[in-house]
Amino acid sequence: MARLQPVRGTHDILGDQARAFRYITDVFIKVAERYGHSEISTPIFEFTEVFRRTLGETSDVVSKEMYTFEDRGGESLTLRPEYTAGIARAFISGGLQQDLPLKFYGYGPMFRYERPQKGRMRQFHQIDVEILGVSEPQADIELLALAADLLGELGLMEHITLEINSLGDTESRLAYRDALVDYFVAHKDSLSEDSLNRLDKNPLRILDSKDEGDREIVAGAPVLQDYFNEASSTFFQQVQEGLAALGITYVFNPRLVRGLDYYSHTAFEFTTTQLGAQGTVLAGGRYDGLIELMGGPATAGIGWAAGLERLAELVSHNHVPVTARPVSIVPVGADAQTAALKLARTLRHDGFVVDMGYRGNVGKRMKRANKLDSELAILMGSDELARGKVTIKDLDEGAQQEIDLDKVSDYLMHYR
């Protein structure tokens with residue numbers, strides 16, 4: 001029988017990575033709730049149309065990367081490749097229009113079929129925040145501040161750069177799109193196949209092309225800001241002024257785009273040079289046309305997502321709090337087993353991490369205590385218990401002393 005392995009592009013999360021995931025998620029929840037966001041958890045799979053509509057037929061995610069299958073009832077379902085579409089669907093199907101504005105956060109696994117590599121898996125994990133129903137630039141500023149605070153509390157901002165751009169409103173973007181199509185049509189013979197496919201339906205995505213030939217052409221393309229109307233210029237100026245007022249530094253990147261028509265105004269990425277080619281740590285933008293595109297009422301929206309795998313790679317062990325070291329209880333002989341069980345439960349109720357091996361003599365149990373990096377070992381022998389005592393050994397210092405059994409919890413408080 002072949003040895004069982006995880007599916008290619010997936011991995012088990014344990015040890016240091018599990019601790020980093022837990023730490024990052026805990027900090028994220030704390031910061032998001034500090035900003036007034038409440039938790040939402042959407043299904044891991046949705047009707048395929050939820051993502052096909054929102055991500056666009058020509059996007060790589062829809063055309064190449066979605067995990068789509070037909071269930072027994074003949075429905076086409078897709079494992080979620082991102083969070084925003086599911087939250088927008090929840091807003092519509094849950095009839096939440098009366099509750100606007102809404103501020104959500106969520107976290108969990110996402111799925112994309114792509115070539116597995118460092119920082120890019122087929123099952124990966126994201127944290128996500130969204131604000132619905134706020135068309136003012138204050139929402140953009142607030143979400144960028146939330147992201148900066150999160151990365152700051154994780155100790156990462158020193159190595160991260162915020163890049164921002166504006167896509168303008170619909171009027172500005174349509175004018176730019178026309179100019180962009182005219183420019184790329186003139187260079188049609190030199191574009192890559194992917195860019196040719198995007199030229200009619202999704203020309204802004206060509207600006208994102210990684211093809212070297214495309215990048216040379218893109219360098220001379222029209223700049224979006226040259227086609228802004230007054231409303232778009234004013235909106236972006238207010239976002240920049242808000243960031244400056246909060247002391248959040250940024251770099252203007254005019255080539256940072258989102259290819260779909262429902263995106264508008266602010267687009268942003270927090271990037272780093274510490275992850276090689278996978279330099280984007282957190283990314284998002286405003287999507288005022290998304291919910292209307294999905295059949296709901298016209299509703300402003302903005303959000304961002306960050307990959308837990310990439311954040312965990314950046315968070316050094318110095319930033320991840322050390323798990324509380326356990327106390328090991330070592331019963332000496334069968335007669336002490338019941339008393340050891342009772343003491344273990346008492347100490348756990350008092351908030352201590354307690355380990356008690358299930359078998360073995362004293363020597364084996366002490367080896368287990370050292371392997372678990374226990375700070376203390378509590379030895380419980382029949383003679384000691386008859387006198388109402390236990391022996392507590394400091395496994396770092398080697399010193400030991402007898403303590404009254406009913407005073408153990410008070411004694412351990414000094415080691416917290």
Assess the residue pair Ser232 and Tyr227 against the criterion (side chain to side chain contact (heavy atoms under 4.5 Å, CB included)); give the C-alpha distance rounded to whole Å, side-chain angles, the decisive distance to 0.1 Å, and a yes or no. CA-CA 9 Å; Ser232 296; Tyr227 296 85; over 6 Å; no

List the steps and the verdict of side chain to side chain contact (heavy atoms under 4.5 Å, CB included) for Leu311 and Leu151. CA-CA 9 Å; Leu311 287 173; Leu151 296 171; 3.8 Å; yes

Residues Trp304, Leu146; criterion side chain to side chain contact (heavy atoms under 4.5 Å, CB included); working and verdict: CA-CA 10 Å; Trp304 58 250; Leu146 195 165; 3.5 Å; yes

Candidate pair Thr299 and Gln97, rule side chain to side chain contact (heavy atoms under 4.5 Å, CB included), full reasoning: CA-CA 9 Å; Thr299 307; Gln97 299 93 310; 5.5 Å; no

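Ring planes of Phe28 and Tyr105: perpendicular class, angle over 60° (limits at 30 and 60°). Note on ring orientation: taking the six-membered ring where Trp is involved, the planes of His187 and Tyr183 are tilted (angle from 30° to 60°). Note on ring orientation: taking the six-membered ring where Trp is involved, the planes of Phe236 and Phe252 are tilted (angle from 30° to 60°).
In this structure, the side chain of Arg198 does not engage the main chain of Ile206 through any donor-acceptor pair within 3.5 Å. The main-chain N or O of Ser264 is never found under 3.5 Å from a side-chain atom of Arg286 such that the two would form a donor-acceptor pair. Distance alone, capped at 3.5 Å, places no donor-acceptor pair between the Gln123 side chain and the His11 backbone. Judged by distance alone, the side chain of Ser374 and the main-chain N or O of Leu372 form no donor-acceptor pair under 3.5 Å. A side-chain donor-acceptor contact under 3.5 Å links Arg80 to the backbone of Pro109. Side-chain atoms of Gln225 come within 3.5 Å of backbone atoms of Ser166 as a donor-acceptor pair (strictly under, hydrogens ignored).
Ion pairing between Asp26 and Lys30 fails under the 4.0 Å rule for side-chain N and carboxylate O. The existence of a salt bridge linking Asp355 and Arg368 is confirmed by a sub-4.0 Å separation between a basic side-chain nitrogen and an acidic carboxylate oxygen.
You'll find the side chain of Tyr107 reaches within 4.5 Å of the side chain of Glu39, heavy atoms only. Residues Phe111 and Glu65 fail the side-chain proximity criterion, which asks for heavy atoms closer than 4.5 Å. Contact annotation: the side chain of Phe184 approaches that of Leu207 to within less than 4.5 Å [non-hydrogen atoms, C-beta and beyond]. Taking the side chain as every heavy atom from C-beta outward, Glu241 and Ile141 never approach each other to under 4.5 Å. Counting heavy atoms from C-beta on, the side chains of Phe235 and Asp169 never come closer than 4.5 Å. Within the 4.5 Å cutoff, side-chain heavy atoms of Ile164 are placed close to those of Leu243. At a threshold of 4.5 Å between non-hydrogen side-chain atoms, the residues Leu132 and Leu96 do not count as touching. The side-chain heavy atoms of Ile87 and Asp128, taken from C-beta on, include a pair separated by under 4.5 Å.
Within a 6.0 Å radius of CD in Gln5, more than 12 heavy atoms belonging to other residues, nucleotides or ligands are found. Crowding of Arg34 atom CZ: a count of heavy atoms from other residues, nucleotides or ligands under 6.0 Å exceeding 12. Counting non-hydrogen atoms of neighbouring residues, nucleotides and ligands closer than 6.0 angstrom, the CD atom of Glu216 reaches no more than 12 such neighbours. Around the OH atom of Tyr113, the shell of radius 6.0 Å holds no more than 12 heavy atoms that belong to other residues, nucleotides or ligands. Summarising the local packing, CZ of Phe45 is surrounded by 12 or fewer heavy atoms from other residues, nucleotides or ligands at distances under 6.0 Å.
With values rounded to the nearest 0.5 angstrom, Glu171 atom CD is found 11.0 Å from Arg173 atom CZ. Atom CD of residue Gln17 and atom CG of residue Asp12 lie 9.5 Å apart, to the nearest 0.5 angstrom. To the nearest 0.5 Å, the span separating CG on Leu282 from OG1 on Thr272 amounts to 12.5 Å. A distance of 7.0 Å separates OG1 of Thr266 from CG of Leu144, quoted to the nearest 0.5 Å. For the atom pair Met380 CE and Thr338 OG1, the distance stands at 10.0 Å (nearest 0.5 Å). Here NE2 of His265 is found 8.0 Å from OG of Ser172. Values are rounded to the nearest 0.5 Å.
Side-chain contact annotation: Gln400 with Thr391, donor-acceptor N/O pair under 3.5 Å absent. Side-chain contact check for Thr84 and Glu130: at least one donor-acceptor pair (N or O, by modelled atom type) lies under 3.5 Å. For the residue pair Tyr250 / Gln240, a side-chain donor-acceptor distance below 3.5 Å is found, with atom types taken as modelled. Side chains of Ser192 and Asp211: a donor-acceptor N/O pair is absent below 3.5 angstrom, by distance only. Between the side chains of Thr68 and Thr78, at least one donor N or O sits under 3.5 Å from an acceptor N or O. With 3.5 Å as the limit, one finds no donor-acceptor pair spanning the side chains of Arg52 and Thr48. For the residue pair Gln401 / Asp394, no side-chain donor-acceptor distance below 3.5 Å is found, with atom types taken as modelled.
The two residues Arg258 and Leu256 come nearest to each other via the heavy atoms NH1-CD1, 3.8 Å. Of all heavy-atom pairs spanning Leu180 and Pro203, the tightest one is CD2-O, 3.9 Å. Among all heavy-atom pairs drawn from Ile40 and Tyr83, the shortest one is O-OH, 3.5 Å. Shortest non-hydrogen contact noted between Phe124 and Pro81 is CZ-O, 3.8 Å. Annotation for Val223 and Tyr176: closest pair C-CE1, 3.6 Å, computed over non-hydrogen atoms. The heavy-atom pair separating Gly303 from Leu143 by the smallest distance is CA-CD1, 3.6 Å.
Partner Leu376 forms a side chain to side chain contact (heavy atoms under 4.5 Å, CB included) with one of Ile392, Asp396, Ile329 and no other, that one being Ile392.
Here Lys103 pairs with Glu142 under the side chain to side chain donor-acceptor pair (under 3.5 Å) rule; sequence neighbours left out. Annotation: side chain to side chain donor-acceptor pair (under 3.5 Å) contacts of Asp373 (sequence neighbours excluded): Arg325.
Ring to ring, Tyr262 and Tyr287 are not that close: their centroids are 6.0 angstrom or more apart.
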